[in-house]
Structure formats: C-alpha cells, structure tokens
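Throughout, protein chains are lettered first and strands after them, A, B, ... in sequence-line order, and every chain is numbered starting at 1. All figures in this text were calculated on a predicted structure; none of them were measured in a lab. Quick note: numbers below take in every heavy atom, side chains included, and nothing from hydrogens, waters or symmetry partners.
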Number of protein chains: 2
Amino acid sequence: MADVARRAGVSAMTVSRALKGKGTVTPPTQDRILKAVQELGYVLDKSAGALSSKQTGFVSVLIPSLNNSNFSDTVQGISEVLDTEAMQVLIGTTGYSREREEAVIETMLQRRPEGIIVTGGKHTPRARTLLGQAGIPVIETWDMPAAPIDHVVGFSNAATIEDLLARLMFRGYRRIAFIEGEHGEDTRGHDRRAGYERAVEALGLERSCVISVGRPPITIEHGGGAVVRLVETWPEVEAVICVSDLSAFGAIMECHRRGWAVPERLAVAGFGDFEVSRFCWPSITTVSVGSRDLGRQAGRLMLEAITAMRTGTPLAPRRLNIPHTVIERDSTAVHRHPAATHQVA
Amino acid sequence: MADVARRAGVSAMTVSRALKGKGTVTPPTQDRILKAVQELGYVLDKSAGALSSKQTGFVSVLIPSLNNSNFSDTVQGISEVLDTEAMQVLIGTTGYSREREEAVIETMLQRRPEGIIVTGGKHTPRARTLLGQAGIPVIETWDMPAAPIDHVVGFSNAATIEDLLARLMFRGYRRIAFIEGEHGEDTRGHDRRAGYERAVEALGLERSCVISVGRPPITIEHGGGAVVRLVETWPEVEAVICVSDLSAFGAIMECHRRGWAVPERLAVAGFGDFEVSRFCWPSITTVSVGSRDLGRQAGRLMLEAITAMRTGTPLAPRRLNIPHTVIERDSTAVHRHPAATHQVA
DNA sequence: CTGCCGGATGGTATCGATAACAATTGACGG
DNA sequence: CCGTCAATTGTTATCGATACCATCCGGCAG
C-alpha cells in the first residue's frame with residue numbers, strides 16, 4: 001500500500017480511504033490513486049484491515065451438509081443478502097454431528113466472524129458456551145428451540161409434520177406410517193417424528209407405524225429400502241410420510257419398480273420441497289419452508305444485529321417464526337374419504 | 001493472549017507456541033497455559049496470526065453453484081483433504097457467469113488465500129491476470145484447458161460425451177439427440193455439446209439434433225420441457241443425451257407423464273452421476289467423473305503446491321487427467337442392434 | 001482584511017499474533 | 001568443579017491496514 005501511496009503522491013491513509021469509498025477524497029486524488037493501484041496490480045489485504053478495524057467482514061454459517069439442497073439453498077439466501085454489504089460467508093459443515101459442530105464452531109471463532117448462523121437448536125453444552133461467550137450475534141435456524149442462545153429464524157419441525165398428517169387425514173387416509181433415520185443424530189428428523197407421533201394420537205389414528213433406517217443423512221436409497229420394509233411389515237398402511245423429500249423420492253421409485261401404484265397402493269409424502277419433488281412422477285406432496293427465503297431472512301437479521309453490535313448496542317434476541325406450507329401434489333392425490341373434495345394442486 | 005500469558009506466568013510467545021503445538025514447550029508449562037486458556041475462555045485470533053506469519057490457512061474454491069451436487073461433492077472432497085492440515089475452504093459461487101467469477105476472484109484475493117481452485121478453464125482476461133499475478137498455486141478443475149493458468153485437475157468434457165455416444169451407438173441407437181442450455185454461459189455444457197457434434201460426425205450418424213433450452217444452470221424442469229420439444233420436432237429420435245443428469249431426470253419424468261416408455265420409446269442418458277440417477281426408475285445411464293474424488297485429488301495437489309510454495313520452490317504446473325466412466329443403466333437398456341450383447345449394469 | 005470553519009490529507013499508534021534472535025537454564029562429560 | 005550444548009523461554013520488531021487526532025487549505029461572513 002505504501003508503494004501505491006508513493007506512486008500516487010499521497011499518504012497510505014488516503015489510499016486506504018480511496019479504496020473503501022469511505023471518508024472524503026477529492027476526485028482527482030481518487031483517480032491518481034486508482035491509477036496507481038491499477039498499474040501496480042495492488043490488491044487490498046483485508047486480513048490486515050480486519051485486524052486494525054476489528055471488522056473481519058465474515059459471517060460463519062454452519063450446516064449439516066452441503067449436499068442437501070435445503071441447506072445449500074439457505075446458504076445461498078444468506079449469501080445473497082450479505083453480499084450487499086460486502087460481507088463474506090464462511091461455510092462449515094458438521095456432518096449432522098453435534099461433536100463435529102462443536103469442533104467447527106471452535107475453528108470458526110478463531111477467524112473472528114462478526115456473526116454466526118447455526119442449523120438447529122440443539123448443541124453440546126460447550127458449543128452453547130462458546131457461542132454465548134463469543135460476543136457476537138448468533139442465529140439458530142431450521143428449528144424453534146425453547147431456550148435459544150440468541151436469535152432464531154426457524155420453525156417447529158414437529159408442527160410441520162402435524163399439519164401434513166392432518167392434511168392427509170382430511171384426504172381420507174387413516175393408516176399412515178413414518179419413515180425416518182435412526183435416532184440420536186438428526187435432531188430435526190427426530191422432531192418431525194415426534195410431531196408425527198403426537199398427531200397420530202391427537203387425531204385418533206389407529207396406531208403409529210415407524211420404520212427407522214440408516215444413520216442420517218437419510219438418502220434416496222434409504223427411502224427405497226424403507227418402503228419395502230414398510231409394506232412387508234404393515235401391508236395395510238395407506239400412506240407414508242418420509243422424513244425428507246429425498247427418502248420420499250427413493251420410496252416412490254422403489255414402488256414403481258415393484259409395481260406398487262403411487263398413490264393408489266400407497267401414498268407418499270416428504271418434507272423440504274426439494275426441486276426433485278415438483279417434477280417427479282408423480283409429483284410429491286411435501287412441506288415447504290422456503291429454504292432460500294429463510295436464509296434471506298436470517299441474513300437480513302444478521303446484518304441488523306451486526307450493525308447494532310458495531311454501534312455498541314446489541315440487538316435484543318429476536319425470534320422469527322418462518323411459516324410453512326403443506327403442498328399437496330399427486331403422490332397423495334387419491335381421495336379415500338367422501339369428505340375430501342378439494343382440487344389437488 | 002497477554003492475559004493468558006500473565007495468568008500462566010509465561011510470555012506471550014510461549015503461549016503462542018503452546019497453542020499451536022509447534023516448537024518446544026515443557027509439559028507442565030503447557031498444562032498451565034492450557035488451564036489459563038480454559039479459565040479465561042480465550043480463543044486464538046487467526047487473522048492476527050495470519051498477518052504476522054503470512055499464512056492465512058485459507059484456500060479459495062470457486063464453483064458455479066452450491067446447488068449442483070457435482071460441485072458440492074467436489075468441495076466436500078477438497079475440504080476433507082484440507083481439513084487434515086487445518087486449512088479452511090473459502091467457498092465462492094459464480095452463478096455460471098465469467099463476470100461474476102472475475103468479481104469473486106478479486107474479492108477472494110483480498111483475503112490472501114494460499115491457493116485457489118476454480119471451476120472450468122475459461123475465464124475473463126482480467127481474471128486470468130489476477131490469478132496469474134496472485135503468486136499462489138491455482139488449480140483449474142472440471143475441464144482440461146489447452147493453456148492452463150497453473151495446475152489442472154480435470155478432464156475433457158467433450159471426450160466424456162464422445163464416449164457416451166459411442167456406447168449408445170454400440171447398443172444400437174442411431175438417431176441420437178442432445179439437450180443443452182442456451183450457449184455462452186456454461187462452458188462445460190458447451191464443450192459437451194461440441195463432443196456430441198464431433199462424435200456424431202466421427203461415427204457417421206445421420207445428423208445431429210440439438211434442443212437448446214433456458215439459461216444455465218439447466219434444471220430438471222428444463223429437461224422436461226426439452227424432451228417434449230424434442231419428440232415433437234424429431235419423432236424419429238431413439239435416444240437423447242442430456243447435458244446433465246438433472247435434465248435427464250426431468251426428461252424421464254416427463255416421458256412417464258406422457259406415457260412415453262423409457263427406454264423403449266426414447267432412451268435417455270445424462271452426465272454427472274448424480275445420486276438421483278442411480279435410484280431413479282428407470283435408473284439413468286450417465287458419465288461419472290467421481291466428483292468427490294476429483295475434489296480430493298485437487299485438495300492433495302493443493303496441499304503439495306502450498307507446501308512447495310512455503311519452501312520457496314513453486315511446484316511446476318501439473319496436469320491431472322481424471323478418468324471418467326460411462327455407467328450404463330436401465331434408461332438406455334433396450335438393445336436395438338444385434339451386436340449388442342453385454343449385460344447392462 | 002481578518003478570523004473562523006469545514007473539507008481534505010498526513011502522522012502516529014495500534015490491532016494480536018508470530019518470526020527471528022537472544023537469553024537462560026539444566027545436564028552432562030571431562 | 002567448570003565448560004559446552006541443547007532445550008526452553010523471553011524480547012523485540014514486524015506483518016498491512018486503519019482509528020484517531022493533528023494539520024493544512026481555501027472560502028466566506030463580518
């Protein structure tokens with residue numbers, strides 16, 4: 001930077017001001033500086049800038065996996081918003097493990113992000129401590145924890161499945177099963193299953209039929225395996241809710257393979273409104289939470305919180321409840337009950 | 001850090017050494033320091049460390065989109081390897097645009113990454129200059145450019161499609177079409193199409209039938225729309241190669257919807273070996289380049305290059321050609337030609 | 001004509017860690 | 001009992017930019 005300053009005949013301080021558009025620099029000076037920058041091929045060093053200004057321009061985002069389009073959509077939404085303020089997203093993946101999450105949080109904090117967005121509301125005690133003491137805004141997403149660390153932009157996973165199940169019941173389905181991963185790791189999946197159990201009871205359905213397959217993340221393949229076990233175990237089941245659209249898709253494809261008509265023999269619903277669900281044949285009934293938009297909202301809240309933090313007045317914890325929508329499609333389009341008269345989307 | 005040093009009764013330098021396991025610190029001293037760190041809840045500041053050591057521990061990775069599992073798999077592979085050396089990946093997305101790429105590169109360089117991995121071998125002139133002058137290892141992936149900037153870990157997109165087309169021909173297909181996005185943006189898609197054209201000519205097929213739909217990225221939906229246009233335009237076509245598995249999937253689902261049997265009425269192949277292709281009904285013939293492994297190899301090369309760079313002896317440009325595999329599945333399983341006798345996987 | 005004011009620019013200290021080198025310590029052989 | 005060496009720890013300068021305050025300048029009111 002000193003080189004640039006010399007060449008432009010100004011001080012380093014003025015170069016710094018010119019480069020970030022802040023402060024006041026006379027147009028001719030500005031031009032001379034930019035020209036010098038150009039000629040020397042100089043590139044600003046933000047690490048150094050971060051050190052002195054204490055503003056790293058980073059926001060950390062932790063997600064279970066990049067390979068799940070729900071989460072990568074959320075990241076995209078966050079990035080979109082943060083880009084407008086020249087903030088950069090530092091992505092970390094936790095592999096659906098709380099221990100990994102703790103480790104990743106620790107690594108991330110060494111980079112001094114100005115805020116951190118995590119997926120889910122369940123964390124190891126140490127992770128909670130780390131986040132709480134970091135002195136930066138924290139946003140938990142994709143969940144609605146009872147005792148948030150700081151801000152929340154999420155929804156109740158249980159509630160989404162309760163609504164979905166109610167909708168299926170309204171359509172006339174009575175024997176409704178649930179396909180999920182084995183417990184312990186994927187807390188959001190666990191919550192959805194809890195919602196299923198609760199709804200089965202509340203709605204007075206006959207009994208709950210749950211098939212657990214594999215360790216999270218539950219894949220397309222798991223869905224296929226699970227639906228076979230389901231039909232063998234409880235042939236009378238009329239519909240099944242899968243913990244995610246991917247498993248629902250796998251289940252449907254396996255049904256095709258075996259000649260089980262969907263939805264006639266078995267109706268299938270998922271969660272997450274993945275792109276594949278909209279265009280699958282048959283299209284898949286699902287719950288949409290607007291992953292991308294969820295990300296945007298989290299991003300906006302984060303910007304606000306960071307601004308507040310810079311001003312010295314931390315933002316009081318916010319709690320944004322993202323609405324979800326049950327999207328009924330062809331995979332649950334058989335009306336088994338006379339009360340069902342709606343047109344299916 | 002000074003606080004920690006005081007509490008542990010040592011100098012800051014010793015704390016620094018203790019925290020990074022480098023140098024030599026007596027076990028009791030080490031313990032005292034770690035205890036002090038614990039008690040004070042101190043977290044190392046790597047930005048500051050980066051400034052003085054000139055090692056940021058960052059590697060930038062630029063991909064067109066997070067939403068494409070090929071690319072997110074590659075990132076995952078890269079991360080896996082870099083994690084072992086405590087290097088962090090800074091992801092940037094370019095939205096399939098070279099202009100965006102140029103802008104992202106510029107932003108990234110301000111963070112002083114120790115290496116940068118980009119997708120594709122086509123860049124704006126300025127982007128090339130920036131990368132070339134950055135003084136760090138550069139790896140181009142997912143392509144095999146004639147004039148690489150530095151290292152390459154990739155393959156020829158054209159060659160993959162040539163092989164795929166040859167395989168379809170061997171299976172007896174003669175009238176083979178291609179579905180792609182509109183040109184100009186997705187250079188890899190463009191290369192694949194070029195491979196198609198070349199193969200059609202080389203193999204003496206009747207003529208090339210190309211349907212172009214939408215701006216990249218080509219989605220599932222585009223595939224569905226394109227296949228309809230294809231069948232309307234050239235009813236005699238027997239097989240179609242889609243620029244990616246997603247569009248192939250969309251095409252197949254649309255065929256189901258319209259009662260066009262796959263592969264009997266129309267065989268469909270894709271590119272990329274997405275998870276969806278393996279479990280789709282019918283399973284989709286595709287070309288696999290092992291995205292995750294490609295990432296791992298790029299990661300390993302990057303580590304080597306960074307080590308070499310730190311030693312002061314830049315690594316001579318390497319050129320890793322990643323082998324691809326045509327995976328034949330049910331979506332092209334009709335044998336139209338007596339010569340075809342192989343078992344389909 | 002004088003003095004004040006605000007916009008533009010420069011000088012200096014500093015952010016938090018680490019590199020490089022200096023100093024200290026203890027062990028061991030002669 | 002002393003000198004030497006290696007292991008351990010401390011001291012100082014520095015990385016590159018920016019915050020903060022000082023300075024300079026021209027314009028304008030009185």
Side-chain angles (χ1 to χ4, degrees), chain A residues 1-34 36-37 40-58 86 88 107 109-114 134-136 310-312, chain B residues 1-34 36-37 40-58 86 88 107 109-114 134-136 310-312:
Chain A
M1 182 179 257
D3 295 339
V4 174
R6 209 168 306 122
R7 192 179 188 102
V10 296
S11 73
M13 197 56 238
T14 306
V15 174
S16 172
R17 277 189 278 251
L19 251 41
K20 54 170 42 182
K22 273 191 62 148
T24 44
V25 179
T26 304
T29 312
Q30 177 93 0
D31 291 346
R32 248 181 314 139
I33 292 173
L34 292 183
V37 166
L40 292 167
Y42 167 75
V43 178
L44 192 64
D45 185 333
K46 281 210 177 179
S47 329
L51 186 59
S52 82
S53 70
K54 306 194 144 213
Q55 302 192 355
T56 56
F58 277 131
Q88 199 155 8
T107 307
L109 289 182
Q110 298 189 342
R111 299 288 182 181
R112 296 287 187 276
E114 298 190 53
I136 54 176
R310 285 178 178 173
T311 317
Chain B
M1 181 179 259
D3 296 339
V4 174
R6 209 169 306 123
R7 189 178 188 102
V10 295
S11 73
M13 198 57 237
T14 306
V15 174
S16 171
R17 277 189 278 250
L19 251 42
K20 54 170 43 180
K22 274 191 62 151
T24 44
V25 180
T26 304
T29 312
Q30 176 92 0
D31 290 347
R32 248 181 315 140
I33 292 173
L34 292 184
V37 165
L40 292 167
Y42 168 75
V43 178
L44 191 65
D45 185 332
K46 281 210 176 179
S47 329
L51 185 59
S52 86
S53 70
K54 304 190 146 215
Q55 302 191 356
T56 56
F58 277 131
Q88 199 156 8
T107 307
L109 290 181
Q110 298 189 342
R111 299 287 183 184
R112 295 290 187 272
E114 298 190 53
I136 54 176
R310 285 178 178 174
T311 318

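- Look at A:Lys46 and you won't find any side-chain N or O under 4.0 angstrom from OP1 or OP2 of D:dA17.
- Comparing A:Leu51 and A:Gln55 by the nucleotide of DNA chain D whose heavy atom lies nearest to each, the residue mapping closer to the 5' end is A:Leu51.
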### Query
Between A:Ile136 and A:Glu114, does a side-chain contact (heavy atoms from CB on, under 4.5 Å) hold up when you go through it step by step?
CA-CA 6 Å; A:Ile136 54 176; A:Glu114 298 190 53; 5.5 Å; no
### Task
Quick one: do A:Arg7 and A:Tyr42 satisfy side-chain contact (heavy atoms from CB on, under 4.5 Å)? Show the steps, please.
CA-CA 12 Å; A:Arg7 192 179 188 102; A:Tyr42 167 75; over 6 Å; no
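- Here the straight-line distance linking atom NZ of B:Lys46 with atom NZ of B:Lys20 works out to 8.0 Å at 0.5 Å rounding.
- For the pair A:Lys54 NZ and D:dG16 P, the computed distance is 21 Å after rounding to whole Å.
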### Query
Which is it for B:Val4 and B:Val10 under the side-chain contact (heavy atoms from CB on, under 4.5 Å) test, yes or no, and what are the steps along the way?
CA-CA 8 Å; B:Val4 174; B:Val10 295; over 6 Å; no
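- Considering only side-chain N and O atoms, A:Tyr42 lies under 4.0 angstrom from the phosphate OP1 or OP2 of D:dA17.
- Rounding to the nearest 0.5 Å places CG of A:Leu19 at 8.0 Å from CD of B:Gln110.
- Checking each of B:Leu40, B:Val37, B:Leu44 against B:Met1 for a side chain to side chain contact (heavy atoms under 4.5 Å, CB included) leaves exactly one that passes, namely B:Leu44.
- For A:Ser53, whose side chain is taken as the heavy atoms from C-beta onward, the closest listed nucleotide among D:dA19, C:dA19, D:dG16 is D:dA19.
- Going from atom CD of B:Gln110 over to atom P of D:dG16 covers 15 Å, rounded to whole Å.
- Listed by chain and residue number, A:Gln55 satisfy the side-chain contact (heavy atoms from CB on, under 4.5 Å) test with A:Ser53 (two or more places apart in sequence, or in another chain).
- Each end of the helix from C:dC1-D:dG30 to C:dG30-D:dC1 gets its own axis, taken as the rotation carrying the C1' atoms of four end pairs onto the next four within a five-pair window, and the two axes meet at 40° to the nearest 10 degrees.
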### Full working for side-chain contact (heavy atoms from CB on, under 4.5 Å) between B:Thr56 and B:Arg111
CA-CA 8 Å; B:Thr56 56; B:Arg111 299 287 183 184; over 6 Å; no
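- Taking atom CG of A:Leu109 as the reference point, atom C1' of C:dG16 lies 16 Å away to the nearest angstrom.
- What separates CG of B:Leu19 from P of C:dA17 is a distance of 9 Å, to the nearest Å.
- As rounded to whole Å, 13 Å separates atom P of C:dG16 from atom CZ of B:Arg6.
- Note that the OG atom of B:Ser47 and the CZ atom of B:Arg112 stand 14.0 Å from one another [nearest 0.5 Å].
- Residue B:Arg112 contributes atom CZ, which lies 18 Å from atom C1' of C:dA17 at whole-angstrom precision.
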What's touching nucleotides 5-12 of chain D from the protein side, N or O pairs under 3.5 Å?
| unit_1 | atom_1 | unit_2 | atom_2 | d |
| --- | --- | --- | --- | --- |
| D:dT8 | O3' | B:Thr26 | OG1 | 2.9 |
| D:dT9 | OP1 | B:Thr26 | OG1 | 3.3 |
| D:dT9 | OP1 | B:Thr29 | OG1 | 2.6 |
| D:dT9 | OP2 | B:Thr26 | N | 3.1 |
| D:dG10 | OP2 | B:Ser11 | N | 2.8 |
| D:dG10 | OP2 | B:Ser11 | OG | 3.1 |
| D:dG10 | OP2 | B:Thr14 | OG1 | 2.7 |
| D:dG10 | N7 | B:Arg17 | NH2 | 2.9 |

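- In this structure, B:Arg310 places its CZ atom 13 Å from P of C:dT18, rounding to the nearest Å.
- Between the CE atom of A:Met1 and the P atom of D:dC15 there is a distance of 15 Å, rounded to whole Å.
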